[in-house]
Amino acid sequence: MRIYFPRNDILQALSGSNIALTMDVGNDQLGSLASDPSAAAAFVQNNIQAFPGVNFRYITVGNEVSGGDTQNILPAMQNMNSALSAAGLGNIKVSTSVSQGVTAGFPPSAGMFSASHMGPIAQYLASTGAPLLANVYPYFAYVDNQAQIDINYALFTSPGTVVQDGGNAYQNLFDALVDTFYSALESAGAGSVPIVVSESGWPSDGGTAASASNAQTYNQNLINHVGQGTPKRPGRIETYIFAMFNENQKGGAETEKHFGLFNPDQSPAYSINF
């Protein structure tokens, strides 16, 4: 499970469940965590040590951070790692979660980081053994480029190879996006860093190609697919579906309200089989 900031009621509910948790620090905390090691120590004490029954897996320092705040990611990660180590919790990995917008290049083998802050972050992750958390959305890639991308390629329903990239054949856009990240890590000198897909999903309403049928198709095919990995990196991909609930109070594009597997009243938005 992944949550985007600490909440005591959620952490209490998860205590003793052994559900592995990825917990973000909250983007509004990056400045203080970057500039003040004691802020990182307090975060660890109040939100991790205070909940010994929670199985914390990753602490995510920023989600899709943009603008000037990107300069805070690396020092905040370093302070968080130091605070966890000092607390005897060095087994909890520290990373950051990025959008596919930090990469560029096609085909996937030509992937590189287009955002200048990413190279040092990638090399730091290589030094700590932590993965890079990547939010991977074939939906947005498709919607932004419908002239060149077939929806079947985005939904895992293409009957055969769509993109041939040297020796690698791509039958779905998800694999192409993930391998673009792997190529970017390699080009940054951090090829040892694994990718965890920290978000992926498809909206069931509110915009282009947003329907319960497409959302069910995408998420079910995603679940069925991630056990086998990508052409570049076969093997299981740790993947988080965005999101558990439709967020009826969320701002932004209408589709943003409709990524959930469940409605706010906890009824299923559509059926899915894990």
Side-chain angles (χ1 to χ4, degrees), residues 2 20 22 57-61 63-64 77 91-115 117-142 149 152-202 218-242 274:
R2 179 183 181 194
T22 296
R57 180 174 295 197
Y58 309 120
I59 301 301
T60 310
V61 177
N63 180 60
E64 299 189 354
M77 287 171 62
N91 58 304
I92 302 172
K93 298 294 188 186
V94 174
S95 188
T96 189
S97 184
V98 297
S99 78
Q100 58 210 40
V102 302
T103 63
F106 180 86
S109 60
M112 56 183 292
F113 286 120
S114 53
H117 65 280
M118 286 303 300
I121 288 172
Q123 290 165 13
Y124 179 67
L125 292 172
S127 76
T128 65
L132 177 65
L133 274 52
N135 297 340
V136 178
Y137 284 101
Y139 174 75
F140 290 120
Y142 164 72
I149 297 176
N152 293 298
Y153 187 51
L155 288 171
F156 297 93
T157 51
S158 293
T161 298
V162 176
V163 172
Q164 188 71 39
D165 182 9
N168 290 333
Y170 290 88
Q171 197 167 338
N172 66 78
L173 183 51
F174 175 86
D175 281 353
L177 292 168
V178 173
D179 279 353
T180 300
F181 269 106
Y182 273 123
S183 294
L185 286 167
E186 289 169 0
S187 69
S192 66
V193 175
I195 295 286
V196 167
V197 176
S198 45
E199 292 180 18
S200 193
W202 196 285
Y218 178 81
N219 281 326
Q220 191 64 64
N221 286 338
L222 178 71
I223 290 166
N224 298 345
H225 174 74
V226 292
Q228 65 201 58
T230 69
K232 193 174 175 73
R233 299 285 177 96
R236 300 192 302 175
I237 311 167
E238 183 179 347
T239 303
Y240 294 78
I241 290 181
F242 186 89
F274 281 89

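A quick note: this is a predicted structure, and the numbers were derived from the prediction, not measured.
- Using a 4.5 Å heavy-atom cutoff, the side chains of Thr128 and Val94 are not in contact.
- Using modelled atom types and a 3.5 Å distance limit, the side chains of Asn152 and Ser158 yield no donor-acceptor pair.
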How far apart are the C-alpha atoms of Thr96 and His117, what are their side-chain angles, what is the distance that settles it, and do they pass the side chain to side chain contact (heavy atoms under 4.5 Å, CB included) test? CA-CA 12 Å; Thr96 189; His117 65 280; over 6 Å; no
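- Here Tyr182 contributes atom OH and Arg233 contributes atom CZ; the two are 5.5 Å apart, rounded to the nearest 0.5 Å.
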Could you go through Phe113 and Thr103, starting from their C-alpha distance and side-chain angles, then the distance that decides it, and tell me whether this counts as side chain to side chain contact (heavy atoms under 4.5 Å, CB included)? CA-CA 4 Å; Phe113 286 120; Thr103 63; 4.0 Å; yes
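- In this structure, the side chains of Lys93 and Val196 stay at 4.5 Å or more apart for every pair of heavy atoms.
- Atom CD1 of residue Ile195 and atom OG1 of residue Thr180 lie 10.5 Å apart, to the nearest 0.5 angstrom.
- Donor-acceptor pairing under 3.5 Å is recorded for the side chains of Asn172 and Asp175.
- Considering all non-hydrogen atoms of both residues, Gly227 and Arg236 come closest at O-CG, 3.4 Å.
- Here the straight-line distance linking atom CE of Met112 with atom OG of Ser187 works out to 6.0 Å at 0.5 Å rounding.
- Scanning both residues, Phe174 and Ile237, for their nearest heavy atoms gives CE2-CD1, 4.0 Å.
- Here the side chains of Phe274 and Ile241 are in contact, with some heavy-atom distance below 4.5 Å.
- Side chains of Thr60 and Arg2 form a contact here, defined as non-hydrogen atoms less than 4.5 Å apart.
- The minimum heavy-atom distance linking Ser95 with Leu125 is given by the pair OG-CD2, 3.8 Å.
- Checking side-chain atoms of Gln123 against main-chain N and O of Gly189 turns up no donor-acceptor pair under 3.5 Å.
- No side-chain heavy atom of Val226 sits less than 4.5 Å from a side-chain heavy atom of Val197.
- Expressed to the nearest 0.5 Å, how far CG of Asn135 lies from CD of Glu64 amounts to 4.5 Å.
- Across Ala126 and Ser192, no two heavy atoms sit closer than the pair CB-OG, 3.8 Å.
- Applying the side chain to side chain donor-acceptor pair (under 3.5 Å) rule to Tyr240 yields the partners Thr22, Glu238; only residues at least two apart in sequence or on another chain are considered.
- Although no hydrogens or angles enter the test, the distance criterion places no donor-acceptor pair under 3.5 Å between the side chain of Gln100 and the main chain of Val102.
- A donor-acceptor pair shorter than 3.5 Å can be found between the side chains of Ser198 and Ser97.
- His225 meets the ring pair (Phe, Tyr, Trp, His ring centres under 6.0 Å) test with Phe156; sequence neighbours excluded.
- Evaluated for a side chain to side chain donor-acceptor pair (under 3.5 Å) with Tyr170, the options Thr161, Asp179, Asp165, Thr230 yield exactly one hit, Asp179.
- Across Leu185 and Ala122, no two heavy atoms sit closer than the pair CD2-CB, 3.7 Å.
- Contact annotation: the side chain of Val136 never approaches that of Thr239 to less than 4.5 Å [non-hydrogen atoms, C-beta and beyond].
- Among Trp202, Phe242, Tyr153, the one residue that satisfies the ring pair (Phe, Tyr, Trp, His ring centres under 6.0 Å) test with Tyr218 is Trp202.
- Across Ser200 and Pro138, no two heavy atoms sit closer than the pair OG-CD, 4.2 Å.
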Between Asn63 and Glu199, is the side chain to side chain contact (heavy atoms under 4.5 Å, CB included) condition met? List the steps. CA-CA 10 Å; Asn63 180 60; Glu199 292 180 18; 3.7 Å; yes
